[in-house]
Amino acid sequence: MKIASWNVNSLNVRLPHLQRWLQEAAPDVVGLQETKLEDHRFPDAALAELGYRSVFHGQKTYNGVAILARQAPQAVQIGIPGFADTQARAIAATVGELRIVDLYVVNGQDVGSEKYAYKLRWLDAVHDWLADELKTYPNLVVLGDFNIAPDDRDVHDPQLWNADHILTSSAERAALQRLLALGLHDGLRLHTQEGGLFSWWDYRQAAFRRNLGLRIDLTLVSDALRPHVQAAGIDTTPRSWERASDHAPAFVVLD
DNA sequence: ATGGTCGCTGGGCGA
């Protein structure tokens, strides 16, 4: 069971990449972020041709999340329950024996900004939601673009990406640790302690070629699923394709 | 990183 997370940065532009990657990597479940598509424009028919059922929550121009699965997703939750949000950033569904939560965490722009405050509020709401989800669904996978690099192994330059910088600030990392403390585990870190494994590289400065990246796309598994993790990683191949997303897919394999 | 790139949109914002 291969479960992946991929910020496609416009599914309209990246549909050919997604189709190619689904065929080459053959994931069973995929959480997408930044689809940037209203629901009536979601390419569910094209994805069904490849054997994937889709559920999605999108909007015009920004944000947008979706879950693709070979089995039909059930009990779909759109948005964070009880948290009024004009931005389409969260979707959850049951796929077979697994509960999948797909998140496009707020970027936050700059530490101290209004968007940063929204990011921290948003992560608080996610915390309470996941606490409830775990009670109902012990077999929980939480994946997405977290817009937080968990620790210094996950950034190319810890001097730059420091405790006062967006995506690596103390409060953001503390918010992530608070999610993990619910009984969730960073899938990649169950598999390797290696640093320099990145999932996002800025379009500018030839960052991908120079491997100036961050690991901000995560696949978290619950306590109950932890013993079933067989592998985890980041597939950097699609990041090298022509007109690539700035993110690569992160994945975890469960037995 | 005071931004050199993208995507969406139609000038400037968000990342």
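A note on names: the letters A, B, ... follow the listed sequences, proteins ahead of strands, and every chain is numbered from 1.
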Q | Qualifying ring-ring contact (aromatic ring centres under 6.0 Å, His included) pairs with a residue from residues 17-47 of chain A, counting only residues at least two apart or across chains | A | A:W6-A:W21, A:H17-A:W241, A:F42-A:F56

(Q) Checking contacts here: which listed nucleotide (B:dC8, B:dT5, B:dA1) is nearest the side-chain heavy atoms of A:S10? (A) B:dC8

Q. Using the C1' atom in both, what is the distance from B:dG3 to B:dA15, to the nearest Å?
A. 13 Å

Could you give the side-chain donor-acceptor pairs of residues 152-159 of chain A under 3.5 Å, partners two or more places apart or in another chain?
residue	atom	partner	partner atom	Å
A:D152	OD1	A:R173	NH1	3.4
A:R153	NE	A:D151	OD1	3.0
A:R153	NE	A:D151	OD2	3.4
A:R153	NH1	A:Q193	OE1	2.7
A:R153	NH2	A:D151	OD2	2.7
A:D154	OD1	A:R189	NH2	2.9
A:D154	OD1	A:R215	NE	2.8
A:D154	OD1	A:R215	NH2	3.3
A:D154	OD2	A:D151	N	3.0
A:D154	OD2	A:R215	NH2	3.4
A:H156	NE2	A:W161	NE1	3.2
A:D157	OD1	A:Q159	N	3.1
A:D157	OD1	A:L160	N	3.3

**Q.** Residue-phosphate contact under 4.0 Å: A:R204 side-chain N/O, B:dA1 OP1/OP2
**A.** no

Q | Distance in angstrom units between A:I216 CD1 and B:dA15 P, rounded | A | 11 Å

Q) In whole Å, what is the span from the CH2 atom of A:W200 to the P atom of B:dC6? A) 13 Å

(Q) For the P atoms, the ones on B:dT2 and on B:dG10, what distance do you get once it is rounded to whole angstrom? (A) 28 Å

**Q.** All salt bridge (charged side-chain N to carboxylate O under 4.0 Å, His left out) counterparts of A:E24, not counting sequence neighbours
**A.** A:R20

Q: For A:D223 and A:R226, run salt bridge (Lys or Arg N to Asp or Glu O under 4.0 Å): C-alpha distance rounded to whole Å, both residues' side-chain angles, the deciding distance at 0.1 Å, then the answer.
A: CA-CA 5 Å; A:D223 287 332; A:R226 181 179 185 167; 5.4 Å; no

Q: Take the protein atom CG of A:L15 and the nucleotide atom P of B:dG7, then report the distance between them rounded to whole Å.
A: 14 Å

(Q) Please report the distance, rounded to the nearest Å, between CG in A:N12 and C1' in B:dC8. (A) 10 Å

Q. Given atom CD of A:E34 and atom P of B:dA15, what is their separation to the nearest angstrom?
A. 7 Å

Q) When Ile, Leu, Val, Met, Phe, Trp and Tyr are grouped by side-chain heavy atoms lying under 4.5 Å apart, directly or through other members, which residues fall in the same group as A:V76? A) A:M1, A:I3, A:V29, A:V55, A:V65, A:I67, A:I78, A:I91, A:V95, A:L98, A:I100, A:Y104, A:V141, A:L143, A:L190, A:V221, A:L225, A:V229, A:V252, A:L254

Q. Rounding to a whole Å, what distance do you find between A:D202:CG and B:dG4:P?
A. 12 Å

(Q) Can you list, in residue-number order, the parts of residues 162-173 of chain A that come under 4.0 Å of DNA chain B, counting heavy atoms only? (A) none

Could you pull out the protein-nucleic contacts involving nucleotides 12-14 of chain B (nitrogen or oxygen on both sides, under 3.5 Å)?
residue	atom	partner	partner atom	Å
B:dG14	OP2	A:K115	NZ	3.3

(Q) Taking only side-chain N and O atoms of A:R243, does any of them lie within less than 4.0 angstrom of OP1 or OP2 on B:dG7? (A) yes

Q. Honestly curious: do A:L11 and A:W200 fall in one hydrophobic cluster under the side-chain, below-4.5 Å linking rule?
A. no

Q: Measure from CD on A:Q205 to C1' on B:dT2 and round the result to the nearest Å.
A: 13 Å

Q: Report the distance from atom CH2 of A:W201 to atom C1' of B:dC6, rounded to the nearest whole Å.
A: 16 Å

**Q.** Shared hydrophobic cluster for A:F83 and A:V126 (ILVMFWY, side-chain gaps under 4.5 Å)
**A.** yes

